[in-house]
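FYI, side chains are in, hydrogens and waters are out, and symmetry mates aren't considered; it's all heavy atoms of this structure. Just follow the structure's listing: the first ligand is 1, and inside any ligand the first atom is 1. Just so we're clear, the structure is a prediction, and the values are computed from it rather than from any experiment.
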Amino acid sequence: MSDRIHTLSGYFHEYQKSVTEPEQFWARVADSFHWKKRWDKVLEWDFEGPDVKWFVNGKLNITENILERHLFIMGDRPAIIWEPNDPEEEGRTLTYKQLYHAVCQFSNALKSKGIGKGDKVIIYMPMVPEAAVAMLACARIGAVHSVVFAGFSSNALSDRINDCEAKAVLTSDGNFRGSKKIAVKAVVDEALEKTSTVESVIVYQRTKQEVTMKEGRDYWWHDVIDGQPDTNEAEVMDSEDMLFILYTSGSTGKPKGVVHTTGGYMVYTKYSFENVFQYSPGDVYWCTADIGWITGHSYIVYGPLLAGATSIMFEGVPTYPDAGRFWAVVDKYQVNQFYTAPTAIRALEAHGTGPIEPYKLDSLKVLGSVGEPINEEAWHWYHTHIGKNRCPIVDTWWQTETGGIMVSPLAGVTPTKPAYATLPLPGVQLAIVDPEGKVLKGNSVEGNLCIKFPWPGMIRTTYGDHERCKQTYFSTYKGMYFTGDGVKRDHDGYYRILGRVDDVINVSGHRMGTAEVENAINEHPKVIESAVVGYPHEVKGQGIYAYVICDMKNRTEENLKGEIKDTISKIIGPIAKPDKIQIVPGLPKTRSGKIMRRILRKVAEGSMDNMGDTSTLLDPGVVEEIIKGRVE
Ligand code: PRX
C-alpha cells in the first residue's frame with residue numbers, strides 16, 4: 001500500500017488523522033516495511049526524560065528494507081549513480097543488486113576485522129559510492145556509524161573519535177574537490193595520534209596519492225573485501241537500537257553527538273522522502289549535499305534507497321569546471337527531482353544566466369531547498385531560471401535532530417509561497433511560543449518554534465550525555481521540543497522560518513556555534529579574548545564576524561588575522577574561518593561581565609544608528625572604538 005498523498009484535501013485529511021490517532025497513523029505507514037518481528041506498541045513517550053520509543057520491541061534490519069526488499073523485482077534498477085568531480089572521468093552506477101552485494105561483502109570485511117554490533121565506526125570519506133556502502137554495511141552488522149564531513153580538521157576528527165570511542169575509521173587516501181587534490185588519510189593519521197580506541201583503519205583508494213599505512217592497523221579497502229562472500233545475514237536490530245551518531249554544533253561547548261535509532265528513522269525518512277518530493281518509480285533524484293551532514297544521511301542514502309529510488313551522488317563542487325556543472329549533470333542523467341541549498345543557488349545566481357543556457361533542464365519536475373532560509377530573490381531565480389516556472393519548489397525546514405523534513409510543501413500538492421516552508425508534514429505538531437513560554441494560537445503570530453508531540457525520526461539522546469539533550473531541547477519550554485529557530489505563522493497559517501534565535505549561526509548552510517569558533521580563536525597564543533557573531537551575507541546567508549582582543553607585541557594586524565584564520569582551520573576546519581576579523585581594544589561588557597552581543601551584531605550588520613540602551617555597560621566608550629574600527 002502506498003502512503004503517497006496526491007491532493008491538498010488528501011494532505012489535510014492525513015494530517016488530521018496523524019494528530020487525532022497518531023499511533024494508528026504511524027502503524028499504517030510502518031506496516032509497509034519488512035519487520036522481522038512486529039512491534040508490541042507503537043509509541044511510548046515522555047518529554048520530561050526525555051524518553052521516546054517508537055515501534056517498541058519491533059525487530060528489523062534497515063538494510064533489508066533497502067536491499068532485499070528491492071532485489072527481486074527491481075534488482076537491475078540503478079540505486080546509486082555516481083558523478084565524479086572531473087566530468088571527463090567515467091561515472092559509475094550501482095544497481096540495487098550490485099549495491100546489495102557490495103554492502104554484504106563489506107559487512108563481512110568489517111566483521112573480519114572484529115567489528116560488530118554496538119561498535120562505533122567513524123566514516124571520514126569523500127563522496128564516493130563506497131561511503132554509502134560503508135554506512136549501510138555498518139547498519140547491516142549493527143555497528144553504529146558516525147560520518148564526519150571530510151572537510152573537518154584532524155582536531156575535530158579526534159574529538160569525535162574520542163567522544164564515541166570509535167573502534168574503526170573508514171577513510172580514503174585523498175579527495176578530489178574542484179581543481180584540488182586533498183589529503184584525507186594524512187588527516188586521519190594526525191587525528192589518531194590523539195586517540196586510543198581505534199583498532200583498524202580501512203582506506204579506500206581514490207586519488208592514488210602517497211599515504212603511510214601502519215602495519216597491523218591500516219588496511220586497503222580492496223584488500224579487506226578480497227575473497228569475502230557477497231552475501232551476509234543481516235543482524236537482528238531492535239527498533240530503538242542506535243543506527244547512527246551525527247555530531248552537530250550547538251550554542252554551547254563542543255559539538256554534540258545526535259543519536260538516531262533504527263525503526264523510527266527508517267519509517268520517517270522514507271515517508272517524508274516520497275511525500276515531499278513526490279517520487280515516482282523510475283524517477284532520477286539528486287540531492288547535492290555531502291553525506292557528512294544529515295541531509296546526505298536522510299536524503300541521499302536512507303530515504304531514497306528505502307523508497308527504491310535512483311539517487312545521484314556527486315563528488316564535485318557546483319563551480320567546477322564551470323558554473324554550469326549542476327545543470328550539465330541534470331541533463332546528463334535526466335534528473336527529475338533536484339535538491340540543493342540556498343547558498344549554492346545564490347552563488348550560481350552571481351554568475352548570471354549564461355552558464356544555464358547550454359542546458360535544457362526539461363527533465364526537472366521538482367526543486368528542493370534546504371539548510372537555511374531561502375530569500376525571496378533566490379527563490380524566484382531558482383523558480384524562473386532552473387524550474388522554468390513549471391517546477392514546484394519545496395522549501396524544506398528540518399534539523400540534524402529531527403532526522404527528516406518537518407515543514408515543507410508536498411511537491412505539486414501544497415501551493416507554495418516564496419520563502420515559506422508552508423505547512424507541517426503529517427505527524428508534526430508545531431507550536432509557536434513567546435519568550436515566556438505561552439503558546440501563541442491563531443494566525444499572524446511570530447515566536448519560537450517548538451514541537452509538542454513526538455515524531456518517529458526525532459533525536460533520542462545526545463551521545464554519552466543524556467542530560468545535555470534534556471537541557472538543550474526539552475528544558476526551555478516545558479513539555480516541548482525547542483528547535484532554536486524563530487518562526488512566523490502568517491494569515492494563511494503558512495510557516496516562515498526566520499532563522500536561529502540562539503548563538504548558532506548558519507554559514508552557507510553549515511551550522512556553527514559562536515562559542516565553538518571563539519574557543520578555536522582563543523587557542524592562538526596572542527589572543528586574549530574574542531566574541532563571534534553572524535551577520536547577513538549575500539551568498540553565504542550569514543557570515544562570521546570575529547572581534548578579537550590581542551597582544552599585538554611582535555605582530556602586525558595582517559599577520560595576526562592570517563594566523564587566527566589558520567588556527568581555526570586547524571581546530572575546526574576551513575568552513576569556520578571568519579569572513580571578517582576586527583582587532584579591538586575591549587568588548588562591550590555589562591558590570592556582571594557578560595558580553596552584550598546585541599551591540600556586536602549591530603556593528604557587524606552595519607546598523608549603528610540605534611545602538612539601544614548601553615547604560616549598563618561597564619565602559620560605554622568601548623562601543624565607539626569598535627564602531628570606528630569596523631571592518632567593511
Ligand atoms: O536554522 C534552521 C536551518 O538549519 C538549522 C538546522 O541545521 P542542521 O542541523 O545542520 O540541518 C540542516 C539540514 C536539515 C535549522 O535549525 N534550516 C534548515 N532548513 C531550513 C532552515 N532554515 C530555514 N529554512 C529551511 N528550509
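Under the side chain to side chain donor-acceptor pair (under 3.5 Å) rule, Ser249 has a single partner from Lys254, His510, Glu516, which is Glu516.
Listed by first and then second residue, the salt bridge (Lys or Arg N to Asp or Glu O under 4.0 Å) pairs involving residues 370-396 are Arg346-Glu372, Glu376-Arg496 (not counting sequence neighbours). A ring pair (Phe, Tyr, Trp, His ring centres under 6.0 Å) check over residues 239-259, counting only residues at least two apart or in different chains, returns the pairs His145-Phe244, Phe244-His260, Phe244-Tyr265, Phe244-His297.
Between Phe273 and Tyr279, the ring planes lie tilted relative to each other; the angle falls in the 30° to 60° range.
Glu240 and Thr261 share a donor-acceptor pair across their side chains, judged by distance under 3.5 Å alone.
For ligand 1, the protein residues placed under 4.0 Å by at least one non-hydrogen atom are Ile294, Thr295, Val370, Gly371, Glu372, Pro373, Asp395, Thr396, Trp397, Trp398, Gln399, Thr400, Asp485, Ile497, Arg500, Asn506, Arg511.
Applying the side-chain contact (heavy atoms from CB on, under 4.5 Å) criterion to Thr384, with sequence neighbours excluded, gives Asn389.
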